[in-house]
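Each ligand, and each atom within it, is numbered from 1 in the order the structure gives.
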Amino acid sequence: MTSLTNKRILLAVTGSIAAYKSADLTRRLREAGAQVRVLMTNGGQEFITPMTLQAVSGNPVYTTLMDVEAESGMGHIELARWADLLLIAPASADCLARLVQGRGDDLLGAVSLACEAPTAVAPAMNQAMWADAATQSNVNTLVERDIYLLGPAEGEQACGEVGSGRMLEPTELVTECSRLFATGSLAGKKVIITAGPTREALDPMRFISNRSSGRMGYAVAEACVEAGAEVTLISGPVCLQTPERVTRVDVESAADMLEAVNEQIINSDIFIAAAAVADYRPLEVAAQKLKKQTQSLSFELEQTTDIVASVAQLKDAPFTVGFAAETNDLEKHALGKLQAKSLDMIAANQIGQAEDGSAIGFENEKNALSVYWQGGKKEFSLMQKSKLARQLVELIAERVAR
Ligand code: C5P
């Protein structure tokens with residue numbers, strides 16, 4: 001499996017002759033679906049130019065820590081937050097030593113201190129430098145700190161010597177990176193997810209719907225696949241690509257969604273209801289287009305079936321997770337729904353404005369969640385929906401395992 005769809009990889013290029021392979025690595029990471037931003041140390045720039053890596057990554061290349069212009073764009077903290085993975089390839093002996101010390105006096109040092117995403121290093125150096133006790137001790141320290149070690153490989157080196165110290169080939173690094181995202185925490189589990197809005201017809205042309213983009217549900221589907229699950233995504237109308245290895249069933253109304261869920265739910269282990277299902281639908285659907293005839297027009301609405309509640313009530317109900325988007329009293333409403341719908345877990349988010357003034361919840365790339373279950377709670381701060389989805393899925397896997 002070499003899928004890196006939507007993963008954000010911050011590639012750091014340090015001073016080693018293997019830096020000439022970084023352009024190819026960038027291209028291959030992008031081919032595998034990743035978004036790539038490149039950071040270069042001074043040493044890295046001795047071997048390959050920022051211009052080359054800017055061209056292949058399609059993004060500006062970051063080189064200095066104290067650069068007013070760069071910091072006003074995507075500063076080092078923002079860059080660290082952006083990454084799903086910090087990949088240092090090639091990682092020179094000096095870079096490994098600096099990581100051990102926790103130095104913050106250059107861009108890579110500061111970013112790696114600030115980065116909460118996993119870090120992977122692909123060492124590349126002369127075989128004697130790699131074998132040296134200082135390097136080996138540094139590598140052991142980094143591994144103890146949960147930094148992933150990718151390689152090095154054995155073979156002929158640029159300096160003419162033969163031994164261990166070659167950087168892994170770009171294709172091997174892409175495979176290793178995609179493995180890092182595959183947690184396996186839901187291996188063998190069958191997961192059904194609903195996502196997106198529903199449309200409730202008024203006449204052949206008009207419908208009642210909502211602002212759901214489907215992004216959160218799609219991100220959860222992708223994260224479940226990464227975690228090893230077999231995923232069916234029952235989706236309302238959205239403008240999103242189906243994540244790889246996900247079976248998608250398209251539906252329109254709440255009634256269609258209910259029918260599709262009932263068909264798929266048998267033998268499932270987990271049901272995640274991320275769809276913004278209409279709570280009401282027009283009692284009658286006009287057979288022909290409604291004409292503008294009166295000053296005002298009213299429709300009688302009837303309640304739709306609550307899909308997630310009906311699944312939670314099944315005899316062999318799967319582990320059932322609901323979502324709640326609220327404008328006020330988030331905790332109170334979320335706990336109320338957890339209880340009323342007999343859910344195993346509920347993920348609640350505020351809809352409105354985030355601290356930085358941007359819109360959160362619907363129609364947005366970022367979200368924050370407060371997750372509740374019987375006797376427990378976990379908060380996830382504002383972050384990209386893809387990252388948030390991975391953390392939520394790990395929490396679900398943890399609860400399911402109990
Ligand atoms: O009650 P409310 O609509 O806020 O609950 C939201 C949760 O219930 C979401 O998980 C949503 O997918 C689910 N839901 C459902 N069927 C409905 C209405 C809501 O599955 N008819």
> Under 4.0 Å from any heavy atom of Thr305, which atoms of ligand 1 are there?
Replying inline: 16 (N), 17 (C), 21 (N)
>> If we set the cut-off at 4.0 Å for heavy atoms, which region of Ala254 has an atom near ligand 1: side chain, backbone, both, or neither?
In response: neither
>> Students should be able to answer this: which protein heavy-atom is nearest to atom 9 (C) of ligand 1, and at what distance?
In response: Phe323 O, 3.0 Å
> Going by the order shown, which atoms of ligand 1 are within less than 4.0 Å of some heavy atom of Gly322?
Replying inline: 10 (O)
> What residue and atom, counting heavy atoms only, is the protein's closest point to atom 14 (N) of ligand 1, and at what distance?
Replying inline: Asp306 OD1, 3.8 Å
> Closest non-hydrogen protein atom to atom 20 (O) of ligand 1, residue and atom name please, with distance?
Replying inline: Val308 N, 2.8 Å
>> One residue to check: Ile346. Relative to ligand 1, which of side chain, backbone, both or neither has a non-hydrogen atom less than 4.0 Å away?
In response: neither
> Between Ala324, Ala276, Ala273, Ala195, which one has a non-hydrogen atom sitting closest to atom 10 (O) of ligand 1?
Replying inline: Ala273
> Quick one: does ligand 1 sit under 4.0 Å from the side chain of Ile307, the backbone, both or neither, non-hydrogen atoms only?
Replying inline: both
> Salt bridge check: are Glu169 and Lys21 linked by an N-O gap of less than 4.0 Å?
Replying inline: yes
> When you look at Arg206 and Asp203, which way does the salt bridge (Lys or Arg N to Asp or Glu O under 4.0 Å) test go after all the steps?
Replying inline: CA-CA 5 Å; Arg206 282 98 162 204; Asp203 71 12; 2.6 Å; yes
> Salt-bridged, Lys387 to Glu365, with N to O below 4.0 Å?
Replying inline: no
>> Any nitrogen or oxygen of Ala275 lying under 3.5 Å from a nitrogen or oxygen in ligand 1? Just yes or no.
In response: yes
>> If the threshold is 4.0 Å, N to carboxylate O, is there a salt bridge linking Arg399 and Asp344?
In response: no
>> Below the 3.5 angstrom mark, is there an N/O of Val321, backbone or side chain, next to an N/O of ligand 1?
In response: no
> For ligand 1, which atoms have a heavy atom of Thr304 less than 4.0 angstrom away?
Replying inline: 21 (N)
> Salt bridge or not for Lys7 and Glu222, using N-O below 4.0 Å?
Replying inline: yes
> For the atom pair CD1 (Ile270) and CD1 (Ile265), what is the distance rounded to the nearest 0.5 Å?
Replying inline: 11.0 Å
> Looking at atom 4 (O) of ligand 1, what's its closest protein heavy atom, distance included?
Replying inline: Lys337 NZ, 2.4 Å
> Counting both backbone and side chain atoms, is some N or O of Lys341 under 3.5 Å from an N or O of ligand 1?
Replying inline: yes
>> At less than 4.0 angstrom from any non-hydrogen atom of Asp279, what atoms of ligand 1 do you find?
In response: 3 (O), 18 (C)
>> With rounding to the nearest 0.5 angstrom, report the CZ to CG distance, Arg199 to Asp256.
In response: 11.5 Å
>> Under a 4.0 Å threshold between the charged nitrogen and the carboxylate oxygen, would Arg27 count as salt-bridged to Glu31?
In response: yes
> Does the distance from a Lys or Arg side-chain N to an Asp or Glu carboxylate O, for Glu302 and Arg281, drop under 4.0 Å?
Replying inline: yes
>> For Ala278, state whether at least one heavy atom is located under 4.0 Å from any atom of ligand 1.
In response: yes
>> Keeping Asp84 on the side-chain end and Arg8 on the backbone end, is there a donor-acceptor pair under 3.5 Å?
In response: yes
